[in-house]
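A short write-up of the structure that comes next.
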Protein chains: 2
Amino acid sequence: MFATSVASPALPEALWPVPASTLRWDSQEHLFHEGDPVSAIFTIESGAVVIYRTARDGCRQIHGIRFQGELVGIGYNVTYGVSAVAVRPTSARAVSRATLDRLLDNDPTLARQMMRALTSELRRTSNLLMVIGSRTAIGRVAACLIDFSNRAADSDDTFVLPLSRGEMGDLLGLTIETVSRAMTRLKVLGIIALRRTDTVTIRKRATLLALAEEDGDGAARGRLCACSEARCTRYPPNEMTTTENRRPPVH
Amino acid sequence: MFATSVASPALPEALWPVPASTLRWDSQEHLFHEGDPVSAIFTIESGAVVIYRTARDGCRQIHGIRFQGELVGIGYNVTYGVSAVAVRPTSARAVSRATLDRLLDNDPTLARQMMRALTSELRRTSNLLMVIGSRTAIGRVAACLIDFSNRAADSDDTFVLPLSRGEMGDLLGLTIETVSRAMTRLKVLGIIALRRTDTVTIRKRATLLALAEEDGDGAARGRLCACSEARCTRYPPNEMTTTENRRPPVH
DNA sequence: CGTATCATTGAGTTTTGTCAATGACGGTGG
DNA sequence: CCACCGTCATTGACAAAACTCAATGATACG
C-alpha cells in the first residue's frame with residue numbers, strides 16, 4: 001500500500017474521445033466478478049470500488065480500494081482476475097475491451113499507458129504484500145491509515161474511513177476484533193483521534209508512520225530479516241516511501 | 001502462488017532476432033536491485049532467480065522465484081520495482097530497455113505480450129497475497145510445495161526445493177522455525193517424504209492440496225470470511241486452481 | 001577432520017484468533 | 001416522536017498460532 005499509494009494513472013487522453021459510456025452502481029453492486037469475461041475497463045468518476053478475491057474456503061482478500069480517477073479492471077486477460085464491488089454509489093466510464101483492443105493496434109502510446117497502469121497495479125499489490133507479510137496488526141492498521149490519509153481529499157489530517165472494520169480486516173489479513181483493538185490502541189496512545197468510528201484524525205503522523213514502516217514497538221514482526229545482501233538503505237526513499245506521493249492538503 | 005503458477009509467458013518470437021545478449025550470474029549475484037534504473041528485461045535460459053523486496057526495517061519479502069523460460073524485470077517503469085538475485089548459477093538473455101522501447105513503437109503484438117506478462121506477474125503476486133493473507137503456516141507451506149511441485153521438471157512427485165527454509169520463510173511470511181516445523185509435521189503425517197532436507201516427495205497430493213486451499217484442519221486461518229456476496233463456488237476452477245497449469249509428468 | 005551453515009527441536013512468550021457479551025448508531029414503523 | 005431492531009464496533013476472557021531464544025543435529029566444504 002500503502003507505502004506507495006500511487007494512484008493508478010488515469011486513462012490517457014487519447015482514450016477519452018472514444019466511445020465510453022458512463023455507468024452507475026449502487027453501494028454493494030458489483031462492477032464485475034472474478035472469472036467473468038472481460039467486457040470493459042473502467043475509470044472511476046465518483047464513488048469508491050473495492051477490489052478483492054475470494055479464496056476457496058470463502059475468505060475474502062481485499063486487494064485495495066479505488067477512488068475517483070483510478071482504473072478498475074485493467075488486467076489484460078480474457079477474464080477478470082479479481083472482483084470489483086462499489087462500496088458507495090459509484091459512476092465510472094467504461095471503455096469496452098473491443099474498443100481498447102482496436103486502439104491498441106494503432107497507438108503505441110496507449111499501450112505504454114496500459115503497461116504503466118498494470119505496473120502501478122502490480123506495485124500496489126506488492127506493497128500490500130509487504131505490509132501483510134511482515135508487519136504486526138498495529139503496523140498493518142497504521143499503514144492502512146497512512147494510505148487512506150494520503151489519498152483522501154479531505155483536509156489535512158482528518159478523513160473518513162472508506163472501509164468498515166471488517167473490510168479493513170479483509171484487506172490486512174486480520175480479524176475485525178484485531179483491527180478494532182489496534183484502532184483503540186492507536187487512540188489511547190494519542191496517535192489518532194476518532195470523532196466517530198469512521199472519522200479519523202491523525203494526531204502524531206510521525207509516530208504512525210514509524211509504526212507503519214519502521215522497526216520496533218508494534219511494527220515489525222520478528223522474521224528472518226535476511227539483510228545480508230540487502231541494500232535497503234542505500235537508495236534514497238523511492239516511491240515505496242509512504243511519505244511520498246502524498247497529496248498536498250486541500251485548501 | 002501458488003495457486004496459479006502460470007509461467008510468465010516467454011518473450012514473443014518477434015523479440016528473439018533482435019539484439020539480446022546472454023549474461024551469466026553466479027549464485028547470490030544480483031541481476032538488479034530495486035531502485036536501479038531499468039537497463040533491460042531478462043528471459044531466464046537456465047538457473048533460478050528470486051524476486052524480492054526489502055522493507056525499511058530489513059525484512060525481506062520474497063515475491064517469487066523464476067525459472068527457465070520466465071521473465072524477470074518486466075515492470076514498465078524507470079526503475080526496477082523489485083530486486084532480483086540468482087539462487088544458483090544462472091544465464092539469461094537481456095533485451096535492453098531501449099531496444100524494447102523501440103520495438104514497442106511498431107509492434108502492437110509485442111505490447112500485448114508485455115501486457116500479458118505484466119498481468120501474469122500481477123496474478124502471481126495476487127496469489128501469494130491470498131496465501132499469506134489468510135492461511136496458517138502449514139497451509140502456506142503446503143501451497144508453496146504444491147507450487148514447486150507443479151513447476152518442477154522433475155519426475156512426477158519428487159522435486160528438489162529451490163529455496164532454503166529461510167527463503168521459504170521470507171516468501172511465506174513465516175520464520176525459519178515455523179517453516180521447519182510445518183515441514184516436519186507434513187512429514188510425520190505422511191503427506192510428504194524428505195529424502196534430504198531439500199528433496200521432497202509428495203505422498204498424498206490430495207491432502208496437501210486440501211491443506212493448501214481448502215478449509216479446515218491446518219488450512220484456513222479464521223478470518224472474517226465475508227461470504228455474503230461471494231460467488232466463489234459459482235465458477236469452475238479457473239487458473240487460480242492449484243491443480244491446473246500443472247506440468248505433465250516428464251517421462 | 002574441523003568448521004560453517006542450515007535445519008530441527010524444545011521451552012516459554014507474545015500475538016492473534018475465537019467466542020461471547022455489551023455498546024453505539026441509524027433507520028423503520030407504530 | 002420514540003421504541004425497536006439490525007448492523008457494526010468494542011471489550012473481555014480464553015485458546016491457538018506463531019515468534020524468540022537457545023541448544024542440538026545434519027550436511028557440505030575446505
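In what follows, every chain begins at residue 1, and chains take the letters A, B, ... in the order their sequences are listed. Every heavy atom of this structure was used, including side-chain atoms; hydrogens, water molecules and symmetry mates were not.
- Atom CZ in A:Arg140 sits roughly 9 Å away from atom C1' in C:dT16 (whole-Å rounding).
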Atom pairs, N/O to N/O, protein against nucleotides 11-14 of chain C, distance under 3.5 Å?
none

- Using the side chain to side chain donor-acceptor pair (under 3.5 Å) rule, take A:Arg205 and A:Ser149 through it: C-alpha gap first, then chi angles, then the decisive distance, then the call. CA-CA 10 Å; A:Arg205 182 173 288 269; A:Ser149 145; 2.6 Å; yes
- Task: Kindly determine whether A:Asp147 and A:Asn127 satisfy side-chain contact (heavy atoms from CB on, under 4.5 Å), including the steps that lead there.
- Result: CA-CA 11 Å; A:Asp147 184 59; A:Asn127 286 337; over 6 Å; no
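- Which of C:dA7, D:dT20, D:dA18 sits closest to the side chain of B:Ala137 comes down to D:dA18.
- What separates CG of A:Asp170 from P of C:dT16 is a distance of 17 Å, to the nearest Å.
- Considering every non-hydrogen atom in both A:Leu128 and A:Gln61, the closest pair reads CD2-NE2, 4.3 Å.
- With hydrogens and angles disregarded, a donor-acceptor distance shorter than 3.5 Å links the side chain of A:Thr90 to the backbone of A:Ala48.
- Taking atom CD of residue A:Glu167 and atom P of nucleotide D:dC8, one finds them 9 Å apart after rounding to whole Å.
- Note on ring orientation: taking the six-membered ring where Trp is involved, the planes of B:Phe42 and B:Trp25 are perpendicular (angle over 60°, cut-offs 30° and 60°).
- Phosphate proximity of C:dT16 to A:Thr178: absent, as no side-chain N or O sits under 4.0 Å from OP1 or OP2.
- Comment: B:Glu34 does not engage B:Arg60 in a salt bridge, judged by the lack of any side-chain N to carboxylate O separation of less than 4.0 angstrom.
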- Item | Test side-chain contact (heavy atoms from CB on, under 4.5 Å) applied to A:Ile191 and A:Leu211, step by step | CA-CA 10 Å; A:Ile191 296 169; A:Leu211 283 175; 3.8 Å; yes
Between the protein and nucleotides 22-30 of chain D, list every N/O to N/O distance that falls short of 3.5 Å.
| residue | atom | partner | partner atom | Å |
| --- | --- | --- | --- | --- |
| D:dA28 | OP1 | B:Arg196 | NH1 | 2.7 |

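- Rounded to 10 degrees, the angle separating the terminal helix axes of the helix from C:dC1-D:dG30 to C:dG30-D:dC1, each built from five base pairs, is 30°.
- Distances shorter than 4.0 Å separate none of the side-chain N or O atoms of B:Ser164 from OP1 or OP2 on C:dC6.
- Atom CZ in B:Arg165 sits about 16 Å away from atom P in D:dC19, given to the nearest Å.
- Rounded to an integer number of Å, the gap from CD1 of A:Ile132 to P of D:dA18 is 15 Å.
- Here the P atom of nucleotide D:dG12 and the CD1 atom of A:Ile176 are 18 Å apart, to the nearest Å.
- What separates CG of A:Leu186 from C1' of D:dA9 is a distance of 15 Å, to the nearest Å.
- Atom P of nucleotide D:dT10 and atom CE of A:Met183 are separated by 7 Å, given to the nearest angstrom.
- In this pair, A:His30 and A:Tyr52 present their aromatic rings perpendicular. The plane angle is above 60°, beyond the 30 to 60° band.
- For A:Arg135 (side chain) and A:Ala212 (main-chain N/O), a donor-acceptor pair under 3.5 Å exists by modelled atom type.
- Each of B:Thr125, B:Val72, B:Val85 was compared with B:Ile51 under the side chain to side chain contact (heavy atoms under 4.5 Å, CB included) criterion, and only B:Val72 meets it.
- The shortest heavy-atom contact between A:Leu194 and A:Met183 is CD2-CE, 3.9 Å.
- Here CD1 of A:Ile192 is found 11.0 Å from OG1 of A:Thr199. Values are rounded to the nearest 0.5 Å.
- The side chain of B:Leu194 has C:dT8 as its nearest neighbour among D:dA18, C:dT8, D:dT11.
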